[in-house]
Structures are given as C-alpha cells and as structure tokens.
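Whatever order the structure lists them in is the order used to number ligands and atoms, beginning at 1.
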Amino acid sequence: MTKYIFVTGGVLSSLGKGIASASIGTLLKSRGFKVSMLKFDPYINVDPGTMNPYQHGEVFVTKDGAETDLDLGHYERFVCVNLSYYNNATAGQIYSSVIEKERRGDYLGRTIQVIPHITDEIQSRMIEVAVRDRPDVVIVEVGGTVGDIESLPFLEAIRQFRLKKGRENTLFIHLTLVPYIPSAGELKTKPTQHSVGRLREIGIQPDFILCRTQIPLTEEARRKISLFCNVEEENVIQAIDVNNIYEVPLRFEKEGLTEKIMRRLNLKNRKEDLKDWERWVNKVNSAKRRVKIAIVGKYVKMKDAYKSIIEAFTHAGAANDGKVCLEWIEAEEITEGAEDRLASFQGILVPGGFGLRGIEGKIRAVRFARENGIPFLGICLGMHCSTIEFARNVANLRGANSTEFDPDTPHPVIDLLPEQKEIKDKGGTMRLGEYECRIEMDSFSGKAYKRPVIYERHRHRYEFNNKYREILKKAGLKIVGIYPEKDLVEIIEIPEHPWFVATQFHPEFNSKPQNPHPLFRDFVKAAMQKNP
Ligand code: GLN
C-alpha cells in the first residue's frame, strides 16, 4: 500500500513549500524508502512551457520531455530521482482531460461538475504516480496558498482521498509563516491560526505544521499553535531560515520529523544514512575558495528563471572545494564599448532564452570571453550566440544570425529544421527532453564526461545549420558533440582557448548535489585557474 504525504501552504507564497516537500523526500529516502513526488499547479495553463519566465521562473524539463514546474528540479536534486510528465499536473491538464472525456461521451449523459468529476480526475493523477513509480511514499505538493479559489478542487480532492485511504496511509503537512515582529519583540501565530482555520473549514485537519520562522520558535509560540490549530505540540515543527537550502533536511531531521512521520504512517526503519548528505552540506558551507562568474542573460531580475543553473553552480563549486559567486548582468547593458565590465570575471556564462531582446549584448559577451581567454559556457541560446559570434567575427560571414532574430539574414547559421517550420502551436512543440549525443574524446567536453555517449535534455526550436558546418570548421570552430540519428550539432568548442564550450542542450537539468554535472564542474575548475 503506497502512503501519501500532502504538503499544503498557508499565509503567503514563496515560503519554500517545494524545498520542504523535497526535503521530506530526502529524509524518507535516507531511511530506505522509495519516494516519488507529485506537484499540483492550480493554474489553467496546460504546462508552464508557454509562460513568461517573469511569471513563472524556470521551466524544468524532464528526461521524457515534459515542461514542468521548477519544483520538480528541487525534487530531482533532493531525492535523486528522474521524474516524468505524470509527476506534475496542472488544473489545465485536469480540466482538458475531463472535457475530452465529456466530448467522447464517457460520462453517459451526466452533468459534469467540479465534485466529483474534477476531484476524481485529480485523485486519478495521484494514483497514477503510485502505479507507475511503485514507491513506498508519494509526496504530493499542492501549489498555491490555502484560501485561493483555484486551489479548492485540489484540497477537496485530498480531503476525499484521506477518507478513502484511511489515516494510516495519508498525512497532511501544512507550511505556514510565523513572523517575528520586532516592535512587539514577539513571534506572531495569528496568521498560522487563520490559515489552519481555512483548512479545517474545508475538512482538512493538518497532522503537522511546519513553521517558517526567522528566529527559533519559542515554547510559547509552539504551545499556542498547538492549542489553536489542534495539532500536538511535538508536531509543530520549526522551519527556520537557512543560507543553504540543502540544510533543510538536516534541520527537519533534528526536529525528529522523519521519526514522527514514520510513526504516523506506520513505516518501519530500513536503514539510516543521512551522513553523506550531511558531509556534503558541510563541504558546501566550509568551502574556502571563491570564484567569480558572470551570467549574461535576459531575465536576470528574476533569478528563479535560472534556478537549475544556480544549483548546478553550487554542486560544481563544492566539487572544486569552493563557492561560485554569481553576478547577474543584464545583456542589454553590454552595449558597444561596455564589454570591459566583464574583465574582472573568471568565467562567463550565457544561458538559454527566447526572443531578440539582449541578443547583441550576449554576442558581445561571447566575443569578449573568446578574445580574452575567459572560460566560457554557453547553453542553448548561449550556443546560438556563440555560433553567430564566431561566424561574424572569425569566419567573416557578415550579418550572420539566427533566423529567430533576423529571418532575412544572409547567413542563417542557426535555423529551424524543416519539420519545425510546419508547426503552428506554441505549447509542447519544441525539441524537448533527452537525446543521445556522441562526443569526440579529445575535447574539453570529452575530458569532462570521460565517456563517448551521453544523454542530455533539450528545449528549443532552432538548430545549428549544417550548411555552415564546413566553413565554420575551417575557420577553427570544433564540433565535438553530435546527435547521430539526425546529424545535429550538440556541442561546439574553441580549442585555442583555456576553456570554451557551448551546448545545444541544457546540462543544468542533470546536475545533482553529490553528482555535479561534468561540464559545470570543469567550467568552474577552469575559472578557478584564471586570475581574477
Ligand atoms: N530560442 C532558442 C530556440 O528556441 C533557444 C531556446 C533556449 O535557449 N532554451 O531554439
């Protein structure tokens, strides 16, 4: 019998429900249980793929090509699993599948309603995870905040689910904020009381309350929350602010959360090994060396848009006994003559992105890195910019560009594949998910991966144009990674450079704390060797 843990959020968003859910995953996994994850997003978009990064942050791409919420990235990193399209469900998906069934006539003339049809569909998504992944425990995070109109069908569905599966198989955890008010010198429990009140109104009594707090939870606050929220004092858990998100599982463990969850769900300890995780966290916290890397991008005011890149740098920093200090540079600000701003960095990264804004600034950043021997990593759009820069400034192809930015360019070094040209719909139609790549071993990438065949995740429409392969190769560009089935260029490098790699895929999605991505690891290593 699969057990279900439901994580809801109260008071306000951004309290770290995703990290809390992922951390509970880390803890149960450390006790030998097989864990799977499910994120419900109450918005009507079918997936976040069509959303602006300013609205939503990063779109995390799974191995099988689903465009999902960025919390799935946390789950993969914390629980060390590969997730799938069925591990993230939006209201949009739930409604469209109900409507599709209605059109097919599956409901045999009945009136289709939120209860039971939408709520049944939500529950079927929870069961699907158990059927496909065969876990001991599924952790279900309900997106949004209790009290939102959109979250209601999801909360109603989990309430019904408890009724069906029983108390010993389901657990409700509610994350709230316990703010410290300096003028009163007190932690305030009222917002928590109200938000648990809303939950109880719809029939959900939380078993645990995680209290996000700036300062340690006082006994008095704990007592009050317990009394007013009807939760045992020992199940009021402190979730104190931390500098390093990977510490959260260790903090919860200290509060005895793992034992308490196991007791409630009648799970028997199978092993215990949080030691590796703890060692790694200590390594991150005590790393001495510092390395300064610039990210030249378009969404730099919205750091969540680059979540997996930031995390990949944490992993790569630790692997090199150091910490990567990231600086965010708005690509539009790298105007002609402003490139010197980049001179003090030991590494430059140009990340993925869409659309024309900032492109010329990114191309200037690539040129600066290439000409000044600054270690460079280009990802997806960053690889497009690297190709354009090389074509224009080394191979003398004047006006070279991607047809994404200039449909009439005389040298379309980046272009759509014929099959992409026919696609009209925007949602879910990019080249998505994992593809094979063959690597030439005598290259920066070959030395990093140390194996000739790799699999990496994609999310793009435009590709390196093979018509320009020979010209660019003759000018000194090295093509070191190929997707064999379609002969597509996956990795380019500049050999006469300390370290210059640009990839069509997104390596950041595959980086894990104790298994840092080889390209990020070697990029940081090269950056450390460069004098600041
Ligand atoms: N806009 C480019 C494309 O669609 C790059 C996408 C990306 O960087 N993820 O191909």
Side-chain angles (χ1 to χ4, degrees), residues 47-54 56-63 65-68 70 73 295-300 302 304-310 312 331-332 348-363 365-366 376-389 391 400-407 409 412-435 437 456-466 468 481 483 486 488-492 501-511 517 519-520:
D47 61 43
T50 51
M51 275 191 236
N52 187 320
Y54 278 113
H56 183 273
E58 169 181 284
V59 174
F60 186 80
V61 182
T62 59
K63 210 169 136 139
E67 296 174 278
T68 69
L70 57 78
I295 297 189
V296 182
K298 176 178 170 185
Y299 315 108
V300 294
M302 173 63 174
D304 269 2
Y306 304 110
K307 200 88 215 176
S308 292
I309 292 181
I310 299 173
E332 273 180 313
I348 295 175
L349 180 140
V350 176
F354 294 83
L356 182 63
R357 185 170 73 79
I359 289 300
E360 291 302 320
K362 290 178 193 175
I363 293 172
V366 177
F376 176 85
L377 178 60
I379 296 177
C380 205
L381 183 75
M383 183 267 216
H384 296 173
C385 292
S386 308
T387 309
I388 296 166
E389 192 280 319
N401 215 329
S402 160
T403 50
E404 181 179 5
F405 318 122
D406 178 6
T409 168
V413 288
I414 304 290
D415 196 9
L416 287 176
L417 292 181
E419 57 261 40
Q420 278 287 350
K421 285 185 182 149
E422 281 150 32
I423 295 173
K424 295 275 175 297
D425 280 356
K426 286 275 184 279
T429 54
M430 282 187 250
R431 183 177 173 219
L432 288 166
E434 195 174 85
Y435 287 89
C437 170
E456 294 280 9
R457 302 181 194 181
H458 292 250
R459 182 173 184 253
H460 62 105
R461 283 182 220 285
Y462 292 82
E463 304 275 355
F464 187 104
N465 185 346
N466 278 340
Y468 286 89
Y483 168 47
K486 289 199 170 170
L488 297 175
V489 172
E490 294 278 357
I491 312 177
I492 59 170
V501 177
T503 64
Q504 181 58 81
F505 50 77
H506 289 268
E508 69 273 27
F509 295 140
N510 270 330
S511 189
H517 194 281
L519 291 180
F520 275 87

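- Proximity of E463 to ligand 1 is not established, as no heavy-atom distance is less than 4.0 Å.
- Shortest contact from atom 1 (N) of ligand 1 to any protein heavy atom: E404 OE1, 2.8 Å.
- Contact analysis puts H506 in contact with ligand 1, with a non-hydrogen atom separation below 4.0 angstrom.
- Closest approach of H56 and L70 over heavy atoms only: O-CD2, 3.9 Å.
- Less than 4.0 angstrom separates some heavy atom of G352 from each of these atoms of ligand 1: 8 (O).
- Remark: of the listed residues E463, E419, E456, E463 is the sole one forming a salt bridge (charged side-chain N to carboxylate O under 4.0 Å, His left out) with R431.
- In terms of protein heavy-atom proximity, atom 7 (C) of ligand 1 is nearest to C380 SG, 3.0 Å.
- Considering backbone and side-chain N/O atoms, G353 comes within less than 3.5 Å of an N/O atom of ligand 1.
- Side-chain contact between E434 and F509 is absent, with no heavy atoms from C-beta onward closer than 4.5 Å.
- Residue Q420 comes nearest to T429 through the heavy atom pair NE2-O, 3.2 Å, listed as atom of the first residue, atom of the second, then distance.
- Of all heavy-atom pairs between G427 and T50, the closest is CA-CG2, 3.8 Å.
- An N or O contact shorter than 3.5 Å is missing between H460 and ligand 1 by distance.
- The shortest heavy-atom contact between M302 and G57 is CE-N, 3.6 Å.
- At under 3.5 Å, a nitrogen or oxygen of L381, whether backbone or side chain, sits near a nitrogen or oxygen of ligand 1.
- The distance criterion of under 3.5 Å between nitrogen or oxygen atoms is met by R459 with respect to ligand 1.
- H460 and H384 have perpendicular rings, their planes meeting at more than 60° on a 0 to 90° scale where under 30° would count as parallel.
- Nearest heavy atoms, L416 versus T403: N-OG1, 3.9 Å.
- For atom 3 (C) of ligand 1, the nearest non-hydrogen atom from the set Q420, M430, R461, R431 comes from R461.
- Nearest to atom 10 (O) of ligand 1 among the protein's heavy atoms is Y462 N, 2.8 Å.
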